[in-house]
2 protein chains.
Amino acid sequence: MTIDEAFGAVLKELRASKGITQEQLGFDADLDRTFISLLERGLRQPSLASIFQLSKALGVSPSHIVQRVEDTLSAASKR
Amino acid sequence: MTIDEAFGAVLKELRASKGITQEQLGFDADLDRTFISLLERGLRQPSLASIFQLSKALGVSPSHIVQRVEDTLSAASKR
DNA sequence: GTGTAGACTCACGTCGACG
DNA sequence: ACGTCGACGTGAGTCTACA
């Protein structure tokens, strides 16, 4: 489990819980739709600025997202 | 106050409180010394992976660093 | 609505060297 | 011990287009 994959899983989960599409998230976060797709599948990693933009669009704090990435990683390492 | 500048300030502060040099931090985080210099002065922004590497070298959690960046930004916006 | 591809610009991150 | 410069390879992020 890489950092990128963990972030992608968290992003996908947060977006689903908000009930919006990748297109809407891309619009709200001012990021390209295809880039959101790459992020969710762990093929790209976000910069710090992108994390802040996404968190704002998702209505959560940036540190909360990072916290969940940490949790996802530690949970995966215990398998 | 940009995100990059806020991160740089936090990084510099955390490194100073640990009492180590940029060189040592670069070695511990497996990042180039010149890049640490750029980060601390807000001329570059880190990727998510870099944040994790730096936080590990500094002995704090990644989410804690991000949290402090948020605090620094909100404190600066109230001036 | 999403995955994928190509092509593109610019920023990340490394390296060697000098003040 | 740090700032800075130039150069370099790779990756972030955009855009158009098709399944």
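Numbers restart at 1 for each chain; the letters A, B, ... are given by sequence-line order, proteins then strands. In what follows, every heavy atom counts, from backbone to side chain, and hydrogens, waters and symmetry copies are set aside.
A:Ile3 CD1 to A:Thr72 OG1: the interatomic distance, rounded to the nearest 0.5 Å, is 12.0 Å. Atom NZ of residue A:Lys12 and atom CD of residue A:Gln22 lie 7.5 Å apart, to the nearest 0.5 angstrom. Separating the OG atom in B:Ser74 from the CE atom in B:Met1 is a distance of 10.0 Å, to the nearest 0.5 Å.
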For DNA chain D, the dot-bracket pattern of Watson-Crick and G-U pairs whose distances stay under 3.5 Å, | for other-strand partners: ..|||||||||||||||||
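Each of D:dG13, D:dC5, C:dA5 was ranked by its minimum atom distance to the side chain of A:Thr34; first place goes to C:dA5. Between C:dG3, D:dA12, C:dC12, one nucleotide has an atom nearer to the side chain of A:Ser37 than all others, and that is C:dG3.
Across residues 5-15 of chain B, not one residue has a non-hydrogen atom less than 4.0 Å from an atom of DNA chain C. Only A:Thr21, A:Gln22, A:Glu23, A:Arg33, listed by number, bring a heavy atom of residues 20-33 of chain A to less than 4.0 angstrom from any atom of DNA chain C.
A straight line from CG of B:Leu43 to P of D:dC2 spans 16 Å, rounded to a whole angstrom. D:dA7 atom C1' lies 17 Å from atom CZ of B:Phe35, rounded to whole Å. Rounded to an integer number of Å, the gap from A:Leu39 CG to D:dT14 C1' is 13 Å. The distance between atom CD1 of A:Ile36 and atom P of D:dG13, rounded to the nearest whole Å, is 10 Å. Rounded to a whole Å, the CD atom of B:Gln53 is 8 Å from the P atom of C:dG13. Protein atom CG of B:Asp4 is 14 Å distant from nucleotide atom C1' of D:dA12, rounded to whole Å. Distance, B:Leu38 CG to C:dC15 P: 15 Å, rounded to whole Å.
Counting heavy atoms from C-beta on, the side chains of B:Phe52 and A:Val66 come closer than 4.5 Å. No side-chain heavy atom of A:Asp71 sits less than 4.5 Å from a side-chain heavy atom of A:Val10. Contact annotation: the side chain of B:Phe7 approaches that of B:Ile65 to within less than 4.5 Å [non-hydrogen atoms, C-beta and beyond]. Residues B:Arg15 and B:Glu40 form a side-chain contact, since some pair of their non-hydrogen atoms from C-beta on lies under 4.5 Å apart.
An OP1 or OP2 oxygen of D:dG13 is reached within less than 4.0 angstrom by a side-chain nitrogen or oxygen of A:Ser50. OP1 or OP2 of C:dG13 lies within a sub-4.0 Å distance of a side-chain N or O belonging to B:Ser47.
Residues B:Arg68 and B:Leu14 approach most closely at NH1-CD2, 3.5 Å, considering heavy atoms. Shortest non-hydrogen contact noted between B:Asp4 and B:Arg44 is OD2-C, 4.0 Å. Considering every non-hydrogen atom in both B:Gln45 and A:Ala49, the closest pair reads OE1-N, 2.9 Å. Smallest separation of non-hydrogen atoms from B:Leu54 and B:Leu39: CD1-CD1, 3.9 Å. Nearest heavy atom pair, residue A:Leu25 against residue A:Ala57, reads CD1-CB, 3.9 Å.
Among residue pairs with one or both ends in residues 48-62 of chain B, those qualifying as side-chain hydrogen bond (donor to acceptor under 3.5 Å, both in side chains) are B:Ser47-B:Ser50, B:Ser61-B:Ser63; sequence neighbours excluded.
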Enumerate, atom names and distances included, each donor-acceptor pair closer than 3.5 Å involving a side-chain atom of residues 26-35 of chain A, sequence neighbours excluded.
| residue | atom | partner | partner atom | Å |
| --- | --- | --- | --- | --- |
| A:Asp32 | OD2 | A:Thr34 | N | 3.1 |
| A:Asp32 | OD2 | A:Thr34 | OG1 | 2.6 |

Between the protein and nucleotides 9-11 of chain D, list the N/O to N/O atom pairs that are separated by less than 3.5 angstrom.
none

